[in-house]
Amino acid sequence: MTDPEIASPSAFPEPSVLATHSAATVRPVHDEFHGDLLEVSMGPQHPSTHGVFRMVVTLDGEVIVKLKPVFGYLHRNHEKLGENTTYLGSMPYTDRLDYLCSMTNNWAYALAVEKLAGQPVPERAEYVRVILAEMTRLVNHMCLVGFLFNDLGTSFTPLLYAFREREKFIDLFESLSGSRMMCNFQRFGGCRANPSPEWLGAVSKLVDGFPKFLDEYEQLLTGNEILLARTQGVGCLSPELAVQAGITGPMLRASGVGYDIRKADGYGIYPRFDFRVPIGAHGDTYDRYMMRILEMRESVKILQQALRDIPAGPVMDPKSRLRNFRPKPGEAYGRIEGPKGEIGFYLISDGSPNPLRYRVRAPSFVNLTVIEDMCLGRTVADSVVILGSVDIVLGEVDR
Amino acid sequence: MMKFLTIEPVRVLLYLVGIIAFTAANAAYLVLAERKGAGRIQRRPGPNEAGWAGILQPVADGIKLLAKQVMVPPGTDSLLFRAAPLMVMAPPLLCLAVIPFGDTIVACNLNIGLLFVFSFGSINVMALMLGGWASRNKFAIISSARVVSQNVAYEIPMLLVVITMLMVTGTMNLGEIVRQQAGGFWHWNLLKVWVNPFMPVTFIIFFICMLAETNRAPFDMAEAESELVAGAFTEYGGMGFGVFFMAEYANIVVGCSLATILFLGGWQSPIGVLSGGWFGAAWFLVKLYALIFTVIWIRWTFPRTQFYSLLNLSWKILIPVSLVTLLLTGVMMKIL
């Protein structure tokens, strides 16, 4: 480790420079200071690969020269199961994709089926969906920041602060849907239950108190010297590569591309709300962290507007049929801006009770594909933090 | 009876038992204290099931670890693999022999006590390295390499600081160093700024180096669980792991004792009253545990540094600063 070339990881070209080339462009140097490369298999039983993900990293000293992501350890045939199940029967399975965000998964799937069947949704249900989706976004981003700090080595402290707050949200999910995480709440043409005014009041109270928690959280974390040193300039993702690789969500916006499906598609009733889409400048890990914090603040704004404007009425279209549901032949792709990125469901119907083709566009999976480009030339410790900032849930990656 | 206790072999034996008991009790109950402290910091109760407020948790942990088989994975260097836990526990025990807990409470009043502590304190690194090397595990080997370079890097500023202290105190006898700090907290080396204005700086450098030498957060590169699973101890199970774990706390006790003696006046009372005898030992322990609590506090509230920035901190900041401190101290002593 005495060679100045290797002593600092910044001596390597920035990953964004390497982005368009394959991994093989970073060649190991063979001189007296550089021995053989070391191949380390991180995972599937590794404390910080967020589940059963595996990274086969090739190291020169501590610097990564090659990284091969290996996944599929949690594969459970989700898409094939969808083809052999009725449309409604797939709804509970979508909970299990990204198990932190079942509400948004449900919504994306319901949206796809509603497009397929031309099913309208009552206005109150749209509001309820927005409220639940933004609450899910808060829960997801809180947990992500906690887990990111865990990867940085804070031994669970920020994560448990986040979990304390998350607990209040999932208690509300439970009182509405009966389940804390596996909510199974959306239906084709509305929602399963009509939230009571008390429930909405409880959400209001929680949401109004949330900025205070966020301020405390940020005060404790954002300015931390070690966080800045370890995340700024680490794992840069260029906007070109991000677009080419189909990256979506906060990760894309951190790279400086202003693309948010809530704005681009204006699905549901999102055009009615006044909110901004935060955009990063460098595409590094710190920007990805800040993106989550800023998005939480915007989500609070949306929630406050939605809770103020929510009309009375039914949450289920009276003409919708859940049992013996047979949409006419055709195809549809429904997508929403999930907390992790574009979550979409592609369905082909042949008029039978089961979809002919059922396909999930999972944001974590697509966002994970550029992990090697972000990690090359960085150290093992950085790769863990970069992976943490990508925000993956293996239930969704492997399906 | 008292006369019998002061016969040299009996006295040495008693101190031996006492030190082992002190280390074991500290290691066991500091784990509990750490978990309780972490619980408080993280807004949860911490272990509270075994006994009153979890007071029996270390016993339960000990029984669990002892009942486990120590697995020696195939392909490891079996001898070194078994020897490493012993080697890691021995140095802190030896170091405690020269640490004065009170005016007369010291197992061995050695004139070169400070040198003794540092010479044995460095063996700890060897044990971690051997344990990691013998495990035949890639994470353990990376961890071993890190431990060695980290400890080499941090030994230098620490020793430079200690040399500065030696120039001020003029003795390596730990008891003598404490005696010089008698008469209230303004006589402690930490606050003797009229003798040497750099004393607080040397204390901070010493404390940072102590954290790095004992592999504590935010410098716990050896056991960076988010990167290296469990670092050098990845392959150890049962009491093999338990001994490494206890040795970490024993090392913290030694490091904090040394900081207390060098900078915080050892057994001296901060206000001049209630000093001497067992009161002295009590003051020593109060200071010791205050420092240990700071160490625990840091661990649960800071992210881990990166390995390169860790080495940069030592080579680019701590070593130059401690060298300058040493030089200026020498100049001042010559002039004043």
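Just so it is clear: chains get the letters A, B, ... in the order the sequence lines come, proteins before strands, and each one is counted from 1. Nothing here was measured: the structure is a model prediction, and the numbers come from that model.
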Using distance only, find each side-chain donor-acceptor pair of residues 152-161 of chain B under 3.5 Å and give its atom names and separation, not counting sequence neighbours.
| from | atom 1 | to | atom 2 | distance (Å) |
| --- | --- | --- | --- | --- |
| B:Tyr154 | OH | B:Leu310 | O | 2.9 |
| B:Glu155 | OE2 | B:Ser122 | OG | 2.7 |

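Heavy atoms closer than 4.5 Å to chain A are found nowhere in B:Ser309, neither backbone nor side chain. Using a 4.5 Å cut-off between heavy atoms, A:Ala381 contacts chain B through both its backbone and its side chain. Heavy-atom distances place no part of A:Phe163 under 4.5 Å from chain B, backbone and side chain included. Only the backbone of A:Ser41 comes within contact range of chain B, judged by heavy atoms closer than 4.5 Å. Residue contact with chain B, scored on non-hydrogen atoms closer than 4.5 Å, involves the side chain of A:Val384 exclusively.
Heavy-atom proximity under 4.5 angstrom to chain A picks out B:Arg299, B:Trp300, B:Phe302, B:Pro303, B:Arg304 from residues 293-304 of chain B. Scanning residues 146-153 of chain A against chain B with a 4.5 Å heavy-atom cutoff picks out A:Phe149, A:Asn150, A:Asp151, A:Leu152, A:Gly153, ordered by number. Contacts of residues 205-223 of chain A with chain B at a heavy-atom distance below 4.5 Å involve A:Glu216, listed in sequence order.
More than 12 non-hydrogen atoms from other residues, nucleotides or ligands lie less than 6.0 angstrom from CD of A:Glu39. By the 6.0 Å contact criterion, CE on B:Met126 is open, its count of non-hydrogen atoms from other residues, nucleotides or ligands being 12 or less. With a 6.0 Å radius and a threshold of 12 heavy atoms from other residues, nucleotides or ligands, B:Arg136 has its CZ atom at or below the threshold.
Heavy atoms only, all atoms of each residue included: B:Gln42 and A:Phe156 are closest at NE2-C, 3.7 Å.
Counting only heavy atoms from C-beta outward, the side chains of B:Ile142 and A:Leu38 approach each other to under 4.5 Å. For the pair B:Tyr308 and A:Asp382, the minimum side-chain heavy-atom distance is 4.5 Å or more.
For the set A:Met42, A:Gln45, A:His46, the count of heavy-atom pairs under 4.5 angstrom toward chain B peaks at A:His46. Counting heavy-atom pairs under 4.5 Å between each of A:Ile226, A:Val385, A:Leu160 and chain B puts A:Ile226 at the top.
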Derivation of the side chain to side chain contact (heavy atoms under 4.5 Å, CB included) call for B:Phe139 and A:Val380: CA-CA 11 Å; B:Phe139 293 118; A:Val380 187; over 6 Å; no

